[in-house]
Amino acid sequence: MQKQLNWSIKKGVQIFAENIRMELLNDDGSINSIAKIIIDLLGSIAGLEIEAIKERQNQDIKIAKAKGVYKGRKVVAVMADEEPNSS
């Protein structure tokens, strides 16, 4: 997200959040500090939520393994280095 945001700023692309009526760039092309703070904050919160989800998932897997009901993902396909024969 930060890469895309920085690319947009560098290229002068205006991003407008309609629901909060806020623009990323000011009229003179400079960065709207408040918009940047909000975007950075939301990105950080999203990262924390992803970590929390992973932690909850790992806890549930440990519980399932202890009960003997979790055996991992089934092997469905195997990657091959060669193309399959078309015969």
Side-chain angles (χ1 to χ4, degrees):
M1 185 172 146
Q2 290 297 329
K3 282 184 180 181
Q4 185 65 39
L5 181 64
N6 290 334
W7 179 88
S8 298
I9 292 168
K10 182 179 176 183
K11 298 291 184 180
V13 175
Q14 179 65 278
I15 298 174
F16 179 70
E18 187 172 354
N19 58 342
I20 60 173
R21 314 282 304 155
M22 186 174 291
E23 296 177 342
L24 176 62
L25 301 176
N26 296 321
D27 292 337
D28 63 355
S30 63
I31 300 169
N32 179 342
S33 299
I34 301 299
K36 181 83 165 83
I37 289 169
I38 290 171
I39 291 169
D40 289 343
L41 179 65
L42 292 174
S44 295
I45 291 170
L48 291 172
E49 181 61 20
I50 289 169
E51 292 301 316
I53 289 169
K54 287 179 183 178
E55 181 62 30
R56 288 192 302 268
Q57 182 180 21
N58 286 334
Q59 289 173 353
D60 289 343
I61 289 171
K62 286 179 185 177
I63 292 168
K65 282 182 178 180
K67 292 179 180 178
V69 295
Y70 182 83
K71 307 226 187 299
R73 186 178 0 175
K74 293 180 182 178
V75 178
V76 179
V78 178
M79 297 285 289
D81 292 337
E82 300 177 7
E83 292 287 324
N85 292 337
S86 59
S87 49

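Quick caveat: nothing in here was measured; it's all calculated off a predicted structure. Quick note: numbers below take in every heavy atom, side chains included, and nothing from hydrogens, waters or symmetry partners.
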Step by step, would you call Asp40 with Lys36 a salt bridge (Lys or Arg N to Asp or Glu O under 4.0 Å)? CA-CA 6 Å; Asp40 289 343; Lys36 181 83 165 83; 3.3 Å; yes

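Sparse packing is recorded around CG of Asp27, with 12 or fewer heavy atoms of other residues, nucleotides or ligands lying under 6.0 Å away.
Note that the CD atom of Gln59 and the CD1 atom of Ile63 stand 7.0 Å from one another [nearest 0.5 Å]. Remark: Ile39 CD1 to Ser44 OG distance equals 12.0 Å, nearest 0.5 Å. Rounding to the nearest 0.5 Å gives a distance of 8.5 Å between CG of Asn26 and CD of Gln14.
Residue Ile45 belongs to a hydrophobic cluster whose other members are Leu41, with links defined by side-chain heavy atoms closer than 4.5 Å. Grouping Ile, Leu, Val, Met, Phe, Trp and Tyr residues whose side-chain heavy atoms lie under 4.5 Å apart, directly or via other members, places Ile38 in a hydrophobic cluster with Ile20, Met22, Ile34, Leu42.
A side chain to side chain contact (heavy atoms under 4.5 Å, CB included) with Leu24 is found for one member of Leu5, Asn32, Val13 and no other, namely Leu5. Each of Glu51, Glu55, Glu49 was scored for a side chain to side chain contact (heavy atoms under 4.5 Å, CB included) with Ile53, with one residue passing: Glu49.
Applying the salt bridge (Lys or Arg N to Asp or Glu O under 4.0 Å) rule to Arg21 yields no partners; only residues at least two apart in sequence or on another chain are considered.
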